[in-house]
Amino acid sequence: MLIDGKLIEGAAGAFANVNPATEEVIGEVTEAAPEDMHRAIDAARRAFDSTDWSTNRALRQRCLLQLQEALEAEREELREELILEAGCPRAITFGPQLDAPLSDALTYPAKLIDEYPWETSLGDALVSVTGVNTTRTVWREPVGVVGAIVPWNFPFEVAIQKIGQALATGNTVVLKPAPDTPFNATRLGRLIAEHTDIPAGVVNVVTASDHLVGEELTLSPKVDLISFTGSTAVGMRIMEKGAATMKRLFLELGGKSATIVLEDADFALGCMMGIAPCMHAGQGCANPTRLLLPRSRYDEGVQILTGIYQGVHPADPQDPATLCGPVISDRQRTRIRGYIDRGVAEGARLVVGGTEPPDGMDRGFFVKPTLFADVDNAMTIAQEEIFGPVLTVIAYEDEDDAVRIANDSAYGLAGNVMSGSLDHALAVAKRLRAGFIGINGTAGYGADTPFGGYKNSGVGRQNGIAGFDQYTEIKSVAYPAS
């Protein structure tokens, strides 16, 4: 772990890091006890309160670029590490799992340090309550100590986005990785300690298999903001537990996103969007796991999707051709299989896949890509986040019905609209209650693009100016005009 500038062992021993594709232990990572977490919190608090990190923008910019250089030097080692511990297909590491965030997650906020409106003038005005001609300004200042809690599905991507924006805005950080994927975070800690001028305590990395160790971040009055990416259930617990100390929150939570294939769409392309839940075994919060087809072409669409799903097989994530690797753990595999059984029990038609182990794969936490047709949007598999390679196909009567179905969800993270007309697609997109919309197969991913959701999909946005804003406090300042 990295605590107060030193690479140290935890007080609770060690725990195993397991390769989900082979079920083999790939190594051990040091295990934190609650007292380790408190030492990390104290170090972050001290670094924020007693160093010039929060005000020295030039130092922050230099340190972010140093970390960028260090990460690029170990890019390939990090790639292999992610494939081993996250089970992510090699092909995806060249996109959102590694190369995409490494391209701008640190460089964009480093650049924004020079461009951000740290001070905004509201001009002079005669203020009625004082009768004094007053100069009014608004300052943006860092929040303080940030507890950054990271999931296992895209661990490096989420961690580096949080670190980049939190540090650029002048905060100090305690990073808590998921116990299933700790190695990328301990690598970050080592690179920070060995290759950057980041002062001791500004970044701390605490690894633990006990989730209650991470909860100390939520409970501590010394932590000002929790930046959490993960399940809605845990996000709700963080919101509840953080209320006692009035925690600022950024919560990027679950999703049950829908793709609407409109009548005027390229129908084959629209159906091809249904392959999305196969990518990384469906372990993506923004995955469009509901595909909405016009009833007039529903049977045709299901036939196309059947061919697609029959051609996708879970495989070794080391193989560059693999799309669908393992899920992260036996517990997650059991959970997904339970949802598949529930779908059958509630009357959905199981077209491809199911709960049987994939042929010839007696090791690894693999689940067959599974296609359900004749799904009613009220069914459990259409309402709850499965986080596995499962697609539900739903028929709609007309455009209003499609929008109603898409919005009939507790979640509102992402969505897609497929149409032959851009204006038509944009008009439908404006009616969707979700925070991240793609048109005709595109996605606006990037460090400059706000990402987050409506409803149970979270609070706040990661990335972009909106993400920068949430790591700052607003201070209004007034003084007599000269």
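Being a predicted model, the structure only gives us computed values, none of them experimental. Along the sequence shown, the residues carry numbers beginning at 1.
Looking at T30, its side chain never comes within 3.5 Å of a backbone N or O of A14 through a donor-acceptor pair. Put simply, the side chain of S103 gets close to the backbone of A100: a donor and an acceptor are under 3.5 Å apart. Judged by distance alone, the side chain of D104 and the main-chain N or O of A447 form a donor-acceptor pair under 3.5 Å. T322 places no side-chain N or O within donor-acceptor distance of the main-chain N or O of P317, the cut-off being under 3.5 Å. Judged by distance alone, with hydrogens and angles left aside, the side-chain atoms of T51 form a donor-acceptor pair with the main-chain N or O of A47 at under 3.5 Å. The backbone N or O of G254 sits less than 3.5 Å from a side-chain atom of T232, completing a donor-acceptor pair.
Counting heavy atoms from C-beta outward, I226 and F250 have side chains that stay 4.5 Å or more apart. Taking the side chain as every heavy atom from C-beta outward, L188 and F183 never approach each other to under 4.5 Å. Within the 4.5 Å cutoff, no side-chain heavy atoms of P20 are placed close to those of V327. Under the 4.5 Å side-chain criterion, counting only non-hydrogen atoms from C-beta, I26 is in contact with E85. You'll find the side chain of E385 reaches within 4.5 Å of the side chain of C285, heavy atoms only. Counting heavy atoms from C-beta outward, V223 and E216 have side chains that stay 4.5 Å or more apart. Here the side chains of I260 and I405 are not in contact, with every heavy-atom distance at 4.5 Å or above.
Under the 4.0 Å criterion applied to side-chain N and carboxylate O atoms, D319 and R90 are not assigned as salt-bridge partners. A salt bridge does not link R45 to D42: none of the charged side-chain nitrogens sits closer than 4.0 Å to a carboxylate oxygen.
Qualifying ring-ring contact (aromatic ring centres under 6.0 Å, His included) partners for Y471, counting only residues two or more places apart in sequence or in other chains: none. Residues passing the salt bridge (Lys or Arg N to Asp or Glu O under 4.0 Å) test with K475 are E141, sequence neighbours excluded.
The two atoms that bring V202 and N171 nearest to each other are CG1-O, 4.3 Å, heavy atoms only.
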Using side chain to side chain contact (heavy atoms under 4.5 Å, CB included), reason through E194 and L7 one step at a time and then give a plain yes or no. CA-CA 10 Å; E194 297 177 352; L7 298 171; 4.0 Å; yes

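Residue E74 qualifies as enclosed at atom CD: its count of foreign heavy atoms under 6.0 Å is above 12. Shown here is W139, whose CH2 atom has no more than 12 heavy atoms of other residues, nucleotides or ligands within 6.0 Å. Counted within 6.0 Å of NZ on K111, heavy atoms from surrounding residues, nucleotides or ligands total 12 or fewer; the atom is thus considered open. More than 12 heavy atoms of other residues, nucleotides or ligands lie within 6.0 Å of CD in E473, so this atom counts as buried by the packing criterion.
A distance of 5.5 Å separates OG of S409 from CD of Q383, quoted to the nearest 0.5 Å.
Ring to ring, Y116 and F468 are close: their centroids are under 6.0 angstrom apart.
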